[in-house]
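Protein chains get the first letters and strands the later ones, always in sequence-line order, with residue 1 at the start of each. Being a predicted model, the structure only gives us computed values, none of them experimental.
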Number of protein chains: 2
Amino acid sequence: MPKSSSPAAARAPTATRILDVAERLLQTRGYNGFSYADIAEELGITKASLHHHFATKADLGSALVRRYAEQFTVALQAIDASAPSALGKLERYVQLYEQVVRGERLCLCGMLAAEYGTLPRPMQEQIRKFFDANETWLAAAIEQGRRTAELRGRGAATDLARMLLGVLEGAMLVAHPFNDVRRFTSAARAALAGLVATP
Amino acid sequence: MPKSSSPAAARAPTATRILDVAERLLQTRGYNGFSYADIAEELGITKASLHHHFATKADLGSALVRRYAEQFTVALQAIDASAPSALGKLERYVQLYEQVVRGERLCLCGMLAAEYGTLPRPMQEQIRKFFDANETWLAAAIEQGRRTAELRGRGAATDLARMLLGVLEGAMLVAHPFNDVRRFTSAARAALAGLVATP
DNA sequence: GTCTATAGGCAGATAGAC
DNA sequence: GTCTATCTGCCTATAGAC
């Protein structure tokens, strides 16, 4: 497989390796918490070489959000294609977040939401679209769950979608300083349990 | 009232005015997103004067978290002293967060949780204590609500406390890029509704 | 307590050789 | 595509006069 697309492939194209390192730095230290020097040192190249691939830090940031959002879209499509039940979809959605927590990272867009006021405008628009897309997908899954009577029918689906998105982003945020996955999983489990129809 | 303790008093002691400006900058731009120059310009004093009151940025950061956590503790005690029902306590707890959202800010410790990996060690410890204290208070309120049968009895109180803390921190985080209080309130309302005992 | 002046370092970014 | 060298500007922090 000459053109491996594995995330941390050592012999991937330089642009990809830059994105991989920058993504980890962004998800652990924030946009204002890492520099071109950090990436350059880790990859063993110079800052000037980085600027050849991504002219400005704003360009690099936009590329990072774009790739992250695309991967997320693909993951959601995979869930839609394979998970039959609404509850199954929501459980797999939670697993997407849990994997990020296990990697000792934050959601890339959650991190950037915190720093929102300091970001270049193109990145700001990308972040809003990411959350809108997540909310829409969650609301659709919740609507489905109501039609099949898997989920409780109380309240607007949009409100429940926002609640679920909030739990996952927030529990991830709070678990981060403790580096404790259980802080995330227990919150996520409680939120899902509250959605399930009670006989 | 010569010694007013109002947050933005124009004639408050200089140290207090510094903390007020720095707090707003921290809650909107993050620890790595503001500088002594920003504070100095806004107050019309020099950076050197700032260093007289807070020798290092780490000192300023610690003082900010300390004050924020103290004010939060006072607010929780006020709720305990005046709110009779468990649901009333939780609703007033939600209002604490809602006020922050209306001020177009993030929770100070939520912001710092995102930047956790870049912070000086003393601040890191303060942040963990803040979340532990919140979780403990919420779990106690939820336990009370079960004894009085106000709240649903399913799941561990700690899990529900983490869920609620997560919703509030996360919904605040997601609402921030949209500057839309409803994104917060609808999520918070849905979370509370899921806790209430259903007859 | 506030100022001027400045140190020393790191940030993002560019020019131009190879 | 990568390098060396450099620029400009901002950062935190300090020395010392008033």
> Is the Lys NZ or Arg CZ of A:Arg29 less than 6.0 Å from the centre of A:Phe34's six-membered ring, within 45° of the axis?
Replying inline: no
> Got a sec, which residues hit side chain to side chain donor-acceptor pair (under 3.5 Å) with B:Thr28, two or more places apart in sequence or on another chain?
Replying inline: none
> What residues form a side chain to side chain donor-acceptor pair (under 3.5 Å) with A:Ser49, not counting sequence neighbours?
Replying inline: A:Thr46
> Residues from residues 54-64 of chain A sitting under 4.0 Å of DNA chain D, heavy atoms only?
Replying inline: none
> Is there a residue in residues 28-41 of chain B whose heavy atoms reach under 4.0 Å of DNA chain D, and which residues are they?
Replying inline: B:Phe34, B:Ser35, B:Tyr36, B:Ala37
Any residue meeting salt bridge (Lys or Arg N to Asp or Glu O under 4.0 Å) with [X], in chain and number order, not counting sequence neighbours:
X	value
B:Arg102	B:Glu98
A:Arg92	none
A:Arg66	none

> Under the salt bridge (charged side-chain N to carboxylate O under 4.0 Å, His left out) rule, what pairs show up with a residue in residues 105-114 of chain A, not counting sequence neighbours?
Replying inline: A:Glu23-A:Arg105
>> With salt bridge (charged side-chain N to carboxylate O under 4.0 Å, His left out) as the rule and sequence neighbours excluded, what pairs involving residues 31-41 of chain A come up?
In response: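 Passing the test, one end in residues 31-41 of chain A: no pairs.
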Considering only distance and modelled atom types, tabulate donor-acceptor pairs under 3.5 Å from the side chains of residues 107-117 of chain A, sequence neighbours left out.
from: A:Glu115; atom 1: OE1; to: A:Tyr31; atom 2: N; distance (Å): 2.6
from: A:Glu115; atom 1: OE2; to: A:Tyr31; atom 2: N; distance (Å): 3.2
from: A:Glu115; atom 1: OE2; to: A:Asn32; atom 2: N; distance (Å): 3.0
from: A:Glu115; atom 1: OE2; to: A:Asn32; atom 2: ND2; distance (Å): 3.4
from: A:Tyr116; atom 1: OH; to: A:Arg128; atom 2: NH1; distance (Å): 2.2

> Salt bridge check: are B:Glu150 and B:Lys89 linked by an N-O gap of less than 4.0 Å?
Replying inline: no
> For the helix from C:dG1-D:dC18 to C:dC18-D:dG1, what angle lies between the axis at the first five pairs and the axis at the last five pairs, to 10 degrees?
Replying inline: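 Here the helix ends are tilted 0° relative to one another.
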>> Which residue in the set A:Glu125, A:Lys57, A:Gln126, A:Arg67 passes side chain to side chain donor-acceptor pair (under 3.5 Å) when paired with A:Ser62?
In response: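 Exactly one candidate clears the test, A:Gln126.
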>> Output one letter per nucleotide in nucleotides 2-8 of chain D: B when a protein non-hydrogen atom lies under 4.0 Å from the base, S when only the sugar-phosphate is that close, - when neither is.
In response: BBB----
> Are B:Glu169 and B:Arg162 close enough, and set up right, to give a salt bridge (charged side-chain N to carboxylate O under 4.0 Å, His left out), and what steps lead you there?
Replying inline: CA-CA 10 Å; B:Glu169 291 286 347; B:Arg162 287 177 178 172; over 6 Å; no
